[in-house]
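Notes for the one structure printed next.
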Amino acid sequence: MELRLYNTFSRKKENFKPIKDNQVGLYTCGPTVYDFSHIGNFRTFIFEDLLKRWLVHLGYKVNHIMNITDLDDKTIKKAKEEGVDLKELTDRYTSHFMEDLKWLKILPADNYPRATEYIDRMIDMIQTLLDKNYAYKENDGSVYFNISSFKKYGNLAKLDLKGQKRTKRINDDEYDKDSPQDFALWKGWKEADGDNVWKAPWGKGRPGWHVECSVMSIDTLGENFDIHCGGVDNIFPHHENEIAQSECSTGKPFVNYWLHSEFLMVDGGKMSKSLGNYYKIEDLKNMNFSAESIRYQLLSGHYRTKILFSFNKKHESDKIIRRLTDFYLLLYENKPIKSLGKSLPGTYLEFKKAMNDDLNTPRALGIFFDWMKTESKKIKDNLSNTEEISSAWNFLKVFNSIFDFIELNRQEVPENIAAMLEIRKEARRNKDWAYSDQIRESIFNEGWLVEDTPDGQKLKKA
RNA sequence: GGCGUCGUACCCAAGUGGCUUAAGGGGGCAGUUUGCAAAACUGUUAUUCGCCGGUUCGAAUCCGGCCGACGCCUCCA
């Protein structure tokens, strides 16, 4: 029952074997900080978070690196539009990004290298590629990678570039290159770059986007490391180019497992900034989404299938989160004996099997919910002994360490709501149902749900 | 034009040759409970897996054709 992961490179599920026993080097392509990230971007980050949490659960020590692209065409363009320094712009969106990660309960990476901090090393890599004749200079000071010099070019994306159609983008390419599909390692200075310029032996300019990730990943994880993740749109050209640069400069295989998550869709197609059909985290907060509810929506579909993000599913995810949290409280109230150790119910093995099968979250969730239903009933009917409750508690803890769906921090009840509850309690004692219902309505309008249980009133976030 | 993914109930979504006359969730309907609700619980909601044909003792699962959706082919998670 080993962990199997779908490797984009082989297009197959492969048994996962790290380079060093019990350690995993994980590189995940981070955001370009020229604007807020949208929920489509976060689908990928939540998938990567899930992968990391599962690896940790299996006992691996994970070294997780997520880069911050703070230097590229888009960041420069945006800073210029706003009339601010590049650093001011990228610092601003980096901090927004960090806040969003935290709000979504995505565990922090071990390191967030920024492109601007690695320019010397990028220059070194480009120089190496020039020395080895994998790259060439052009008159404007740019340096390009000659894709015909690397015969494995196209192996990741499974593209045969010779048979490709010349797309509009290639025809519109304004750079002077030997072959239109060669990509820039270094972009010679242009007026639009302003003072975002660095000096290299072959001329002034700035690094191309692809070389940034090659350098940062090699520098932080080594020339050959375990896992590199990103969205499917990064397969080509970004990751293809990374492989070319990295393997040609080091002479070693670059990454052992390439994992890519599919797109998040909205009606009409993929969510993207250029189409304008996207939601920022702030938009979702305004729609009253909780982080847990969003996590459920993004994880209840397998990471390699397209999922449709829709407000219509909010009810479904909200309800699941409530059921899970109720189950958590039920177990908590039944005082599991933690000292009984780490025993887990048999269902855990099925759950583990599903997760080990390329992180099959839909199946794993089905297994868990099925178990939760019967377990919950047993406890309510007092048919469960402390040992069983204890192992149920352990399983729930494991489950939550992977999915983080439970709302542990149910907010403090505001004073005015607490006061209304007291009045309602009195009204109920007097069997003044009309008044009682009226208060319930008022409390609901304040965003809280009152439930009358045998133990009295219970309050939940609506 | 090249490459690739997908099509399972009202919706989301597993299952990829027999354990399945198809998990799980949401919604609907009926019931238990409740002052009424809510929550919870019980029952019910696909003899069928886009369509057509083939292979097989046996197919949602394999093969072929067709239809449809989506993605990539140097902005993109």
Side-chain angles (χ1 to χ4, degrees), chain A residues 11 28-32 34 37-48 72-74 77 147 154 157-167 169-170 172-173 175 177 180-184 208-210 229-238 240-241 260-265 268-275 278 296-297 300-302 304-308 310 312-320 322-323 326 330 354 360-373 376-377 380-381 428 431-434 436-437 440-441 444 449-454 457-458 460 462:
Chain A
R11 308 284 157 120
T28 62
C29 275
T32 300
Y34 71 108
S37 295
H38 59 65
I39 188 64
N41 302 126
F42 285 113
R43 181 198 184 176
T44 297
F45 301 137
I46 283 186
F47 147 65
E48 293 159 349
D72 79 321
D73 298 2
K74 283 175 294 191
K77 182 164 175 257
I147 61 165
K158 305 276 180 275
L159 284 179
D160 176 8
L161 296 206
K162 290 192 182 68
Q164 294 304 296
K165 187 175 158 185
R166 284 180 71 91
T167 63
R169 274 181 274 188
I170 286 181
D172 288 353
D173 197 322
Y175 291 91
K177 300 183 250 189
Q181 286 157 333
D182 286 350
F183 60 90
W209 175 45
H210 311 298
C229 298
V232 284
D233 52 337
N234 279 156
I235 295 171
F236 195 88
H238 188 52
E240 192 71 62
N241 293 353
H260 295 95
S261 61
E262 253 298 348
F263 279 129
L264 186 64
M265 314 294 282
K270 73 175 194 179
M271 195 178 272
S272 82
K273 283 179 184 166
S274 51
L275 296 170
Y278 67 94
Y296 178 79
Q297 288 215 13
S300 60
H302 186 84
R304 285 191 290 111
T305 66
K306 294 178 184 75
I307 55 176
L308 189 70
S310 161
N312 298 333
K313 289 190 211 160
K314 181 174 180 294
H315 175 83
E316 180 177 342
S317 51
D318 283 354
K319 184 162 182 181
I320 284 294
R322 202 163 59 220
R323 278 182 55 195
D326 284 350
L330 177 73
N360 191 335
T361 52
R363 195 201 270 160
L365 290 172
I367 291 164
F368 188 85
F369 292 146
D370 208 20
W371 168 82
M372 179 172 88
K373 194 172 178 173
S376 175
K377 187 169 162 54
K380 283 176 185 169
D381 293 345
R428 285 174 56 74
K431 298 198 188 301
D432 186 350
W433 308 123
S436 163
D437 291 352
R440 183 166 64 195
E441 183 73 22
F444 183 75
L449 209 66
V450 185
E451 291 177 2
D452 295 314
T453 74
Q457 303 181 98
K458 275 195 177 173
K460 290 176 181 174

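Treat the numbers as computed from the prediction; the structure is a model and nothing was measured. The sequence lines fix the lettering, A, B, ..., with proteins before strands; numbering per chain opens at 1.
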Measure from the side chain of [X], starting at C-beta and using heavy atoms only, and say which of [options] lies closest.
X: A/L159; options: B/rC41, B/rG25, B/rG2; answer: B/rG2
X: A/K377; options: B/rU42, B/rG26, B/rC72; answer: B/rU42
X: A/E316; options: B/rG35, B/rA39, B/rC12; answer: B/rC12
X: A/H302; options: B/rC36, B/rA14, B/rG25; answer: B/rA14
X: A/R363; options: B/rC70, B/rA14, B/rA37; answer: B/rA14
X: A/K380; options: B/rU42, B/rA40, B/rC36; answer: B/rA40
X: A/S436; options: B/rG35, B/rG26, B/rG25; answer: B/rG35
X: A/W433; options: B/rU5, B/rA13, B/rG35; answer: B/rG35
X: A/K74; options: B/rC75, B/rC70, B/rG25; answer: B/rC75
X: A/R322; options: B/rA39, B/rG25, B/rG35; answer: B/rA39

Distance check, [atom1] atoms only: [N] and [M], in whole angstrom units.
N: B/rU33; M: B/rG43; atom1: C1'; answer: 15 Å
N: B/rA22; M: B/rU48; atom1: P; answer: 10 Å
N: B/rG58; M: B/rU16; atom1: C1'; answer: 15 Å
N: B/rU20; M: B/rA13; atom1: P; answer: 24 Å
N: B/rA9; M: B/rG25; atom1: C1'; answer: 13 Å
N: B/rG2; M: B/rG18; atom1: C1'; answer: 40 Å
N: B/rA69; M: B/rA23; atom1: P; answer: 30 Å
N: B/rU21; M: B/rG28; atom1: C1'; answer: 24 Å

With both distances kept under 3.5 Å, what pairs with [N], Watson-Crick or G-U wobble?
N: B/rA59; result: none
N: B/rC75; result: none
N: B/rG64; result: B/rC52
N: B/rG43; result: B/rC29
N: B/rU5; result: B/rA69
N: B/rA14; result: none
N: B/rU21; result: none

Does a salt bridge link A/R440 with A/D452, judged by any charged N lying under 4.0 Å from a carboxylate O?
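Salt bridge present between A/R440 and A/D452.
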Would you call A/K377-A/D381 a salt bridge at under 4.0 Å N-O?
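Yes.
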d([atom1], [X]; [atom2], [N]) in whole Å:
X: A/D381; N: B/rU33; atom1: CG; atom2: C1'; value: 13 Å
X: A/M372; N: B/rA40; atom1: CE; atom2: C1'; value: 12 Å
X: A/R428; N: B/rU34; atom1: CZ; atom2: P; value: 13 Å

Does atom NZ of A/K458 have more than 12 heavy-atom neighbours, drawn from other residues, nucleotides or ligands, at distances under 6.0 Å?
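Count not over threshold, so no.
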State whether the number of non-hydrogen atoms from other residues, nucleotides or ligands found under 6.0 Å of A/K373 atom NZ is greater than 12.
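Count not over threshold, so no.
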Presence of donor-acceptor pair under 3.5 Å, side chain of [X] and base of [N]:
X: A/D437; N: B/rG35; answer: yes
X: A/R440; N: B/rA38; answer: no
X: A/N312; N: B/rC12; answer: no

Verdict with supporting geometry, A/F45 and A/T28, side chain to side chain contact (heavy atoms under 4.5 Å, CB included)
CA-CA 8 Å; A/F45 301 137; A/T28 62; 5.7 Å; no
Should [X] be listed as having a side-chain N or O under 4.0 Å from OP1 or OP2 of [N]?
X: A/K270; N: B/rC72; answer: yes
X: A/R323; N: B/rG26; answer: yes
X: A/K158; N: B/rG2; answer: no
X: A/N360; N: B/rA13; answer: no

Do A/F369 and the base of B/rG24 stack face to face, with centres under 5.5 Å apart and an angle between planes under 30°?
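Whether judged by distance or by angle, A/F369 falls short somewhere, so it does not stack on the base of B/rG24.
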Given 3.5 Å as the limit, does a donor-acceptor pair link the side chain of [X] with the main chain of [Y], or not?
X: A/N41; Y: A/H38; answer: yes
X: A/R43; Y: A/E262; answer: yes
X: A/K270; Y: A/K306; answer: no

Report which part of the nucleic acid [X] touches: base, sugar-phosphate, or nothing (heavy-atom distance under 4.0 Å, all strands).
X: A/K319; value: sugar-phosphate
X: A/I367; value: nothing
X: A/G40; value: base

Residue whose closest nucleotide on RNA chain B lies nearer the 5' end, A/I307 versus A/R11
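The residue mapped nearer the 5' terminus is A/R11.
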Starting at the 5' end of RNA chain B and moving along, which residue's nearest nucleotide shows up first, A/E451 or A/H38?
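Counting from the 5' end, the first nearest nucleotide belongs to A/E451.
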